[in-house]
Structure formats: C-alpha cells, structure tokens
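This report concerns only the one structure given below.
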Amino acid sequence: MRVAYLHGFLGDPAVWDGIRGPAALALTLPGHGPAGGPVSPTWEANLAAMAEAIARRGGCDVVVGYSLGARVALGLVATGRAPRAVLVSVNPGISDAERAARRASDAAWATRLRTDPLADVLDAWEAQPLFATQARASMAQRAARRARRLTLDPAQLARSLEVMGLAEMPDYRPTVDAARITLLAGADDAKYIALARALPLPLVVVPGAGHDPTFEAPAALAEVLAAALAL
C-alpha cells in the first residue's frame, strides 16, 4: 500500500518522522518550502498541484493528512484524485454564512505575517486555546519545531491562509463517504471530536493528544494510524 502524508499549516514533512513507514511519501504543501512551490491563486489550483506532486512520485492508495493537510486530503478524495483518506483533526467545511468571519480572521493573521517578526506571530499562533495541550511537550520538542517554523517564508504563509484557508475551501460535508474516509482526533481536542462526530464517518480517538497528535503523541498516533490503514 502506498501512503502519502500531508502536514498542517506551519508544518513540514518532518512532522511525520517516526510515524510514517520508510516507503511512504511525505510531501510539502504549497507555501511551506521550496519542495511545495509557491501558493497558487485558488484552492482548486493548489489541490491540483498536490495531486500532480503525488502522481509524480508514483501515486498513492491512501492520503493521510493533518489539519490543513487533512483538508487537502479530503479535497483529493472528494474530487476523485485519491481513492481513500485518513484525516487527522479535520474541519470538513463551513457554511456560506460562516465564511465572512473566517475570511476576516485569516486576513488578520495574514497581515501580521506580512508586517510583524515571524517569531512574534508564532508566539501568538501557538498561544491560541486550541493548542494549549502542546504545553505538555518538552522544551526540546518545542524548540525543534520553532526552529523549523522560522525557516518558512511569512509571505507564502500569508498567501496560504488567504487561498487555502477554510473560508476558501468548498464545504465537503455533503460528499463524505464512510467507505473512503476515516477520521482521527486527539482525545483532548473537544472541538474537533465534536466536528468528527457530526459526520457519518468512523472516528478513532488518539490518546494523550490534543489538536496535533503528530507533535503531542506521535507514538500513539503511529499505532492508531497503522490500525486505520489496515482497514
């Protein structure tokens, strides 16, 4: 089985080290480093770019994604570009009535990325309540992740929020198919467990994790993923 792994916003392929198998693909999302290329003008164009990147490396049977990567993986399945997905901490879409508020929030972060030192923006981003459980990680873990994040291009991150943010993504909720999608969420991530349980899809909870199991509980995530991929 060929598996492709997609990281989240502010991430990179290294987040899957120790989780993915040695033969699996770990790709870079647009705007997150040279290997991912610049952010294209639309959600659909970026989805097509990721599909092409996977195809160039031999294709895959399953796409595994976390957060933004999970939304991309969902888009690949919904548009027939991938046969199956395992989605970690995914928001499958929002209503049109919610888009203006989300677009404004993403625009505010994008402005900060263009005007403030990246380290200051990262401090504010990581202080959001959604990521509170990450304080349990060691100082060494947090420092290593911060070092990788500081190598990213703030202008491209801003474009990612503007073009690949939830406000620009189609609402994929009507397209979800239990035969092709499995959901994972951290046991301590009440918001995303609730989002998952609102969908007619199988949900597996990752113990000892909040929103980002790749960072907070990689060993537990690897075990849960192995079982999900074997289904």
Side-chain angles (χ1 to χ4, degrees), residues 6-15 27-47 49-50 65-72 74-75 88-137 139-171 186 188-192 195 210-216:
L6 306 180
H7 60 80
F9 182 68
L10 292 174
D12 61 82
V15 304
L27 293 96
T28 304
L29 292 178
H32 286 75
V39 178
S40 296
T42 66
W43 168 267
E44 172 58 28
N46 287 291
L47 202 64
M50 291 310 302
Y66 158 69
S67 195
L68 170 57
R71 293 194 285 109
V72 172
L74 177 55
V88 185
S89 305
V90 72
N91 188 326
I94 57 177
S95 67
D96 288 345
E98 299 172 279
R99 291 186 188 277
R102 179 58 186 241
R103 191 171 288 119
S105 174
D106 288 344
W109 282 109
T111 296
R112 292 195 63 175
L113 282 162
R114 290 191 174 99
T115 58
D116 297 350
L118 180 55
D120 292 350
V121 181
L122 292 176
D123 284 341
W125 184 269
E126 293 163 5
Q128 294 180 92
L130 183 65
F131 306 123
T133 55
Q134 295 178 14
R136 297 181 299 203
M139 289 184 64
Q141 281 179 285
R142 296 197 297 271
R145 183 180 66 175
R146 173 60 68 94
R148 295 199 310 271
R149 287 179 165 180
L150 285 171
T151 67
L152 299 174
D153 180 350
Q156 282 295 304
L157 294 174
R159 286 299 293 153
S160 176
L161 284 173
E162 292 167 339
V163 176
M164 302 183 73
L166 195 56
E168 311 309 322
M169 184 186 86
D171 183 357
D188 300 325
D189 187 1
K191 176 179 178 179
Y192 277 76
L195 285 172
H211 183 68
D212 187 356
T214 71
F215 180 67
E216 300 173 58

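Excluded from the calculations below are hydrogen atoms, water molecules and symmetry mates; all remaining heavy atoms, backbone and side chain alike, are included.
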- prompt: Can you find a heavy atom in the side chain of S160 that is under 4.5 Å from one in the side chain of L29?
  reply: no
- prompt: Can any side-chain N or O of Q156 pair as donor or acceptor with the backbone N or O of P30 at less than 3.5 Å?
  reply: no
- prompt: Do the side chains of S67 and D212 get nearer than 4.5 Å, heavy atoms only?
  reply: no
message: So does A107 get a backbone contact from the side chain of T111, meaning a donor-acceptor N/O pair under 3.5 Å?
response: yes
- prompt: So, are R103 and E168 salt-bridged, with charged N and O less than 4.0 Å apart?
  reply: yes
field: NZ/NE/NH1/NH2 to OD/OE distance under 4.0 Å, R142 and E126
entry: no
- prompt: Is a side-chain N or O of R149 found less than 3.5 angstrom from the main chain of L118, in a donor-acceptor match?
  reply: no
Listed partners of E98 passing salt bridge (charged side-chain N to carboxylate O under 4.0 Å, His left out), at least two apart: none
message: Test of understanding: with salt bridge (charged side-chain N to carboxylate O under 4.0 Å, His left out), list the residues that count as partners of D188, not counting sequence neighbours.
response: R136
message: Return the CG to CG distance between D153 and L113, rounded to the nearest 0.5 Å.
response: 9.5 Å
message: Please determine whether side chain to side chain donor-acceptor pair (under 3.5 Å) holds for the pair H211 and D189, giving the CA-CA distance in whole Å, both sets of side-chain angles, and the decisive distance to 0.1 Å.
response: CA-CA 5 Å; H211 183 68; D189 187 1; 2.9 Å; yes
task: Keeping to residues at least two apart or across chains, list the ring pair (Phe, Tyr, Trp, His ring centres under 6.0 Å) pairs with something in residues 97-118.
output: W109-W125
query: If you measure from the Lys or Arg side-chain nitrogens to the Asp or Glu carboxylate oxygens, is any gap between D106 and R99 under 4.0 Å?
result: no
- prompt: Quick one: are R71 and W43 in side-chain contact, heavy atoms under 4.5 Å?
  reply: yes
message: Quick one, T28 and D12 - any side-chain contact, counting heavy atoms below 4.5 Å?
response: no
- prompt: Between H32 and L157, is there a donor-acceptor pair closer than 3.5 Å when you use the side chain of the first and the backbone of the second?
  reply: no
